[in-house]
Amino acid sequence: MAEGLGRQEGQPSYLDCLNEEQRAAVVHEGSPLLILAGAGSGKTRVITTKIAYLISQKHVDPYSILAVTFTKKAANEMRERAAVLEPRSQYAQIRTFHSWGSYFLRTHAFEAGVDKNFTVYDDDDMTTLLQKAVPELTKQQAKVAAKKISLAKDFCLEPDSERLYMVSEDPKFPSIYTAYQTRLRETGNVDFGDLIMLPYMVLRDNASARRDVQLRYRVILVDEYQDSNTAQFLLLQQLSGVQEGAPTYVCVVGDDDQSIYKFRGADVQNILGFQTQFPGTTLIRLQTNYRSTSEILACADSVVKNNEGRLGKTLVSDRGKGKKPTLVFLPNQDDEPQFCAQIIKQAHSKGVPYSAWAVLYRMNAQSLGFETEFLHSKIPYVIVGSLKFYEREEIKDALAWISFVSNQKDEVSFRRIVNKPARGIGGTTQDKVVDAFLAGEAGVEQESAGSLLDESGNGVAAVPQNGETLLSESPDAEGRSLTKVLSSLKLSKKAREGADSFCALVREFEAMLDGSAETEKLSSFIKAVMEKSGLQEYHRDQDDVAGTQKEDNLQELVNSALLYPCTRDGLTAFMDSIQLDRSLANEDGEGEDDRVTLITLHNTKGLEFPRVIITGMEAGVFPREDKCGDELEEERRLFYVGITRAKDELYFTSCQMRRLYGSTRYTGPSPFLPELGGKNVRVLGNTPSSFSFDSAFSAGGDDDELARKYCAGAEVYHDDWGYGHIIKGGYSAEREYVISVKFQTGTVKKFLPKYQGSALIVSD
């Protein structure tokens with residue numbers, strides 16, 4: 001920690017440990033304040049110290065201070081640390097945004113049109129209410145719609161908003177949203193989106209409520225402001241009275257370079273535009289970093305400076321130079337976890353604990369290779385923010401399917417998949433199938449149950465079950481299985497249709513394993529199972545609802561089967577290898593603290609580790625291949641976040657071949673790697689011929705002209721799609737200028753203007 005500046009007369013001792021930037025931020029008063037807090041720069045210390053300082057030195061009534069952040073954990077930490085410095089801080093309102101919204105709505109329930117004893121509906125409650133409001137929606141459709149309604153409220157969009165297309169292009173969505181809102185208001189309850197949007201609307205429309213709130217809160221502090229969404233920004237405007245010249249003191253703390261949650265509704269423009277929205281703002285940069293060495297920070301700065309959408313700052317290490325980060329080029333993805341295991345074990349043999357290491361990746365699915373290698377190498381690990389690969393719901397579903405195809409007497413797998421997605425074969429029907437199967441097995445030795453013929457003339461045995469007659473195959477039939485019992489069981493029309501489709505799928509998948517196509521890989525079989533069973537679509541819909549990566553995990557399972565032949569023996573060998581990994585995982589001591597951390601880049605926010613390995617640094621993996629423009633800049637910020645997690649040592653790995661989408665592909669280095677700068681890293685392995693540190697991308701020439709011509713908002717005409725307007729433009733990871741066009745039909749399409757010729761014309 002840098003030494004303090006010496007205590008001024010009458011100043012409290014807790015200012016002594018602050019550096020010049022931090023102290024300036026704490027003692028600032030008057031105009032709005034934007035504290036641009038770089039990674040590891042001590043922002044929490046600044047905001048908690050500022051609360052204490054305002055109360056003890058500026059005699060601000062704690063009751064008039066409102067400090068908001070995004071998580072309960074962060075709010076509790078802020079409250080506790082401020083109270084240590086100044087006990088009266090406990091009387092300030094230090095809350096999450098949603099907690100404050102709930103408090104406000106209970107105080108102003110009448111103005112908000114809700115019951116003062118309202119219940120806050122979560123995602124499941126929203127889905128249930130939506131199905132009641134719009135009965136024709138299936139549960140899955142209602143889940144997707146509920147997610148979009150939540151997103152609409154994050155943007156402060158009401159059902160009749162002209163900008164609702166930002167959330168959904170579905171022409172039915174406005175009416176679905178309207179029906180939901182009507183039903184919700186009739187109950188007098190609220191959902192989480194209402195906890196922000198309704199207070200904003202009350203303050204916007206009710207002058208009395210707005211005046212009361214602005215008179216109460218003389219100081220408003222917002223932490224992690226780069227993560228705020230549109231509704232939270234609009235609420236802050238109303239609370240502060242900035243548009244009316246109210247004297248409320250507003251201070252926000254955040255880092256534009258760490259804005260990585262757009263998929264949750266966060267809008268980096270809130271922090272980038274703060275100085276415009278709050279005139280007279282003072283900007284203070286916290287640029288002294290107490291976490292990382294200067295060599296690591298040089299990489300971070302070299303990368304993030306390529307973003308255009310930033311206010312700009314350069315982190316300076318308080319810890320000195322340190323070890324230069326290492327960029328490692330590897331032949332393929334199997335070499336990647338082996339390399340990681342090797343350097344971790346070498347360090348461990350020299351006394352470095354496993355817990356000093358973190359392996360970072362862009363997608364959860366990438367954990368599989370590291371889990372497998374670490375289990376076999378006996379390296380203990382923990383996965384943060386996710387289950388282990390084979391414990392994830394979608395992977396269990398997939399393995400249950402392929403296990404059942406291999407063994408149709410597997411009751412556990414049968415129950416897991418037969419009605420997922422729903423086929424009308426519920427628990428009661430499943431019980432009947434299993435009971436009939438077991439009773440038929442017993443009948444092999446005692447045939448006293450007799451035999452009957454069903455309507456089609458097939459041999460079946462009558463087995464009494466709870467007063468009903470179940471029809472199962474004759475006990476002496478060859479090759480008994482749950483599938484055959486399901487085929488012959490008497491069911492309702494809906495269940496029979498579902499049962500027939502399920503049994504037909506099983507037969508189709510069995511046929512794929514007959515070994516006739518010797519060149520086929522097992523990956524093609526698993527891919528077909530995922531697609532035709534409906535599991536892939538089912539979990540893709542789950543991703544749409546929750547922003548998860550279930551489909552990516554399924555794809556990684558497909559990739560892992562690429563090394564096996566598409567035969568029964570190949571399937572057996574594949575399942576045996578998985579079972580071995582599972583057994584090794586079960587032997588892994590759960591109580592140990594000394595473990596390597598496996599974690600996605602998104603989940604690293606707020607964490608730090610002595611040694612970090614950022615893996616999968618290839619184009620199409622990180623950044624993802626569908627990213628361009630603002631989204632590509634967010635991917636670069638995500639890379640910056642990953643780099644700045646490292647305290648002492650940092651590694652990057654890039655593979656020249658990777659199994660993707662069921663085949664082995666050559667992969668080029670990530671476009672972010674040249675941006676590291678040749679002087680900032682040492683390179684190991686065989687550098688790809690296409691790679692050069694001089695090739696870091698910047699737009700120019702023809703590309704620059706394209707960007708000016710095909711800019712957001714421009715009206716265009718396309719030969720096939722008609723008239724529309726450009727809603728987004730930017731550069732892809734492959735350095736091509738890409739635009740998204742919304743046509744008058746509501747359809748949104750992406751184009752590369754460079755290759756469109758006369759097919760895409762900018763209207764005058």
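Quick caveat, the model's predicted, so the values are computed rather than measured.
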Out of Asn553, Asn559, Asp552, which residue meets the side chain to side chain donor-acceptor pair (under 3.5 Å) rule with Gln555? Asn559

For a side-chain contact (heavy atoms from CB on, under 4.5 Å) check, start with the C-alpha distance between Ser150 and Met126, then their side-chain angles and the critical distance, and finish with the verdict. CA-CA 9 Å; Ser150 293; Met126 288 181 69; 3.5 Å; yes

Sidechain-backbone polar pair: Ser292 side chain, Ala646 backbone, donor-acceptor under 3.5 Å: yes

One thing to verify: whether Glu608 and Arg291 come together as a salt bridge, which I'm taking to mean a side-chain N less than 4.0 angstrom from a carboxylate O. yes

Any heavy-atom pair between the side chains of Thr644 and Ile296 that's under 4.5 Å? no

Working for side-chain contact (heavy atoms from CB on, under 4.5 Å), residues Phe263 and His602: CA-CA 11 Å; Phe263 66 96; His602 276 105; 3.6 Å; yes

Using 4.0 Å as the upper bound for N to carboxylate O, is an ion pair formed by Asp227 and Lys605? yes

Would you call Glu635 and Arg624 a salt bridge, taking side-chain N to carboxylate O under 4.0 Å as the test? no

Please check if the side chain of Glu675 supplies one atom and the backbone of Arg636 the other of a donor-acceptor pair under 3.5 Å. no

In terms of the angle between their ring planes, are Trp401 and Phe509 parallel, tilted or perpendicular, with boundaries placed at 30° and 60°? perpendicular

To the nearest 0.5 Å, how far apart are OG in Ser670 and CE in Met617? 3.5 Å

Under 4.0 Å between a side-chain nitrogen and a carboxylate oxygen: does that hold for Arg540 and Glu537? no

If only atom types and distance count, is the side chain of Asp541 paired as donor or acceptor with the main-chain N or O of Tyr538 below 3.5 Å? no

When the aromatic ring centroids of Tyr564 and Phe525 are compared, is their separation below 6.0 Å? no

Is Arg611 salt-bridged to Asp648, going by a charged N under 4.0 Å from an acidic O? no

